[in-house]
Amino acid sequence: MGDECDTSGGRGAGADLAARFESLRPHLTRVAYGILGSIAEAEDAVQEAWLRLGRTDTAAIEDLRAWLTTVVGRIALDALGSARRRRESYVGEWLPEPLVEEYGEEENPTLDESVSTALLVVLERLSPAERTAFLLHDVFDLPFEKVAAVVGRSPAAVRQLASRARGHVEAGKPRFPADRGEEERIVAAFATAWQEGDHEALLGLLDPDAIMRSDGGGRVPSAGKALLGAERIARALVAFARSADRRGEEPRGRVASVNGAPGLVVHDRYSTSVVSLTIDAGRIAAVDIVRNPEKLRGLTEEPG
């Protein structure tokens with residue numbers, strides 16, 4: 001890979017550039033993932049940025065991180081248009097592909113708001129330009145002048161885009177988010193209550209106005225529409241637990257880091273589910289369950 005980008009003085013310079021790019025890869029992947037909501041598409045965008053870097057006179061690049069962030073943002077924004085068109089024919093609820101890491105093995109074991117499920121769900125309601133402007137400026141600190149080059153608007157117009165997006169994000173995110181310790185406690189309590197089919201315990205954990213979304217992509221069974229209200233959600237979760245019990249199954253699960261926060265990976269005989277919880281004021285405000293196997297490639301079963 002280093003030889004491709006050797007534009008300024010031999011193999012050593014190319015290797016140095018490759019090393020610098022690799023050090024920025026996690027940041028660039030998060031930028032593209034935030035815009036696209038897909039790990040595979042984000043990785044493709046980052047790889048395309050590497051190829052473009054190889055065709056560029058790197059001596060003219062003053063800030064490699066900003067340059068690559070701009071390039072990845074532009075590539076991801078272009079890809080988002082076609083992705084949105086594909087989602088129009090998606091079967092059932094569409095949720096972002098979960099970013100799953102083994103719990104306790106994350107590089108940065110803190111709640112990562114830049115890729116949180118709650119943020120990504122809100123971003124789906126924005127226009128591609130609003131989403132990109134907000135992420136690049138508010139989340140990844142790119143100046144408005146550079147964001148303007150990505151979205152093809154003036155800096156003043158980009159400020160307005162980011163401001164509108166900021167309003168939607170503020171309205172949609174938890175007012176009193178949980179810290180990591182509270183997240184861990186509530187996720188563990190939710191897992192126990194769900195496994196035991198404890199209706200009252202689930203009601204005690206769920207916000208009365210909670211929402212549950214399930215993404216099966218038409219490939220595995222899932223709720224076709226979002227369920228609203230703690231009572232409906234609790235009944236659905238208890239029904240799942242009792243159905244598994246009647247079949248003589250016991251779904252196996254483990255705690256994992258899901259989009260930077262504690263979540264669950266659950267396996268039954270037929271499928272895998274990744275569960276992300278949004279906590280607000282000590283209650284579960286949203287339960288997001290991704291079951292589409294296309295979005296869960298590479299997840300293996302482990303006892304938990």
Side-chain angles (χ1 to χ4, degrees), residues 37 39 92-104 106 111-112 115-121 174 177-178 180 182-199 201-207 210-217 219-228 230 232-244 249-280 283-304:
I39 298 170
E93 292 280 333
W94 185 94
L95 289 171
E97 180 180 353
L99 184 61
V100 180
E101 299 172 284
E102 291 309 309
Y103 199 67
E106 313 98 304
L111 301 182
D112 189 346
V115 294
S116 73
T117 302
L119 175 61
L120 292 175
V121 169
R180 192 172 183 86
E182 187 178 22
E183 284 261 15
E184 291 173 345
R185 178 183 64 79
I186 292 175
V187 167
F190 174 83
T192 299
W194 186 11
Q195 182 180 33
E196 295 177 355
D198 190 333
H199 181 268
L202 287 168
L203 283 180
L205 292 167
L206 291 161
D207 183 271
I211 183 171
M212 185 168 79
R213 293 169 287 246
S214 180
D215 176 351
R219 298 176 179 273
V220 296
S222 65
K225 295 182 179 180
L227 298 180
L228 301 176
R232 292 186 67 195
I233 295 170
R235 286 203 307 266
L237 292 171
V238 168
F240 175 87
R242 290 176 178 172
S243 175
E249 299 177 7
E250 183 176 351
R252 299 160 301 282
R254 68 183 189 275
V255 176
S257 172
V258 181
N259 289 74
L264 298 170
V265 178
V266 181
H267 304 274
D268 60 31
R269 182 183 299 178
Y270 305 104
S271 63
T272 295
S273 302
V274 172
V275 182
S276 177
L277 304 179
T278 300
I279 314 298
D280 193 359
R283 294 286 190 93
I284 299 170
V287 181
D288 290 303
I289 306 176
V290 175
R291 291 173 51 77
N292 185 348
E294 290 287 318
K295 298 182 178 182
L296 303 177
R297 293 173 179 172
L299 283 182
T300 57
E301 181 176 344
E302 294 181 6

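- Within the 4.5 Å cutoff, the side chain of L264 has heavy atoms near those of the V255 side chain.
- For the side-chain hydrogen bond (donor to acceptor under 3.5 Å, both in side chains) test, residues two or more places apart in sequence or in another chain that qualify with R213 are D288.
- Here E93 pairs with nothing under the side-chain hydrogen bond (donor to acceptor under 3.5 Å, both in side chains) rule; sequence neighbours left out.
- Between the CZ atom of R185 and the CZ atom of F190 there is a distance of 14.0 Å, given to the nearest 0.5 Å.
- Residues forming a side-chain hydrogen bond (donor to acceptor under 3.5 Å, both in side chains) with T278 (at least two apart in sequence, or on another chain): none.
- When side chains are defined from C-beta on, W194 does not count as touching V287, because their heavy atoms never get closer than 4.5 Å.
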Please report the C-alpha distance between S271 and R291 in whole Å, then the side-chain angles of each, then the deciding distance to 0.1 Å, and finally whether the side-chain hydrogen bond (donor to acceptor under 3.5 Å, both in side chains) criterion is met.
-> CA-CA 7 Å; S271 63; R291 291 173 51 77; 3.1 Å; yes
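- Side chains of I279 and I284 form a contact here, defined as non-hydrogen atoms less than 4.5 Å apart.
- Contact record, L202 with V238: CD1-CG2, 3.9 Å, taken as the closest heavy-atom pair.
- Looking at heavy atoms from C-beta onward, L296 lies in side-chain contact with V290 at the 4.5 angstrom threshold.
- A 4.5 Å side-chain heavy-atom check between E97 and E294 finds every atom pair outside the cut-off.
- By the 4.5 Å heavy-atom criterion applied to side chains, R254 and E102 are counted as neighbours.
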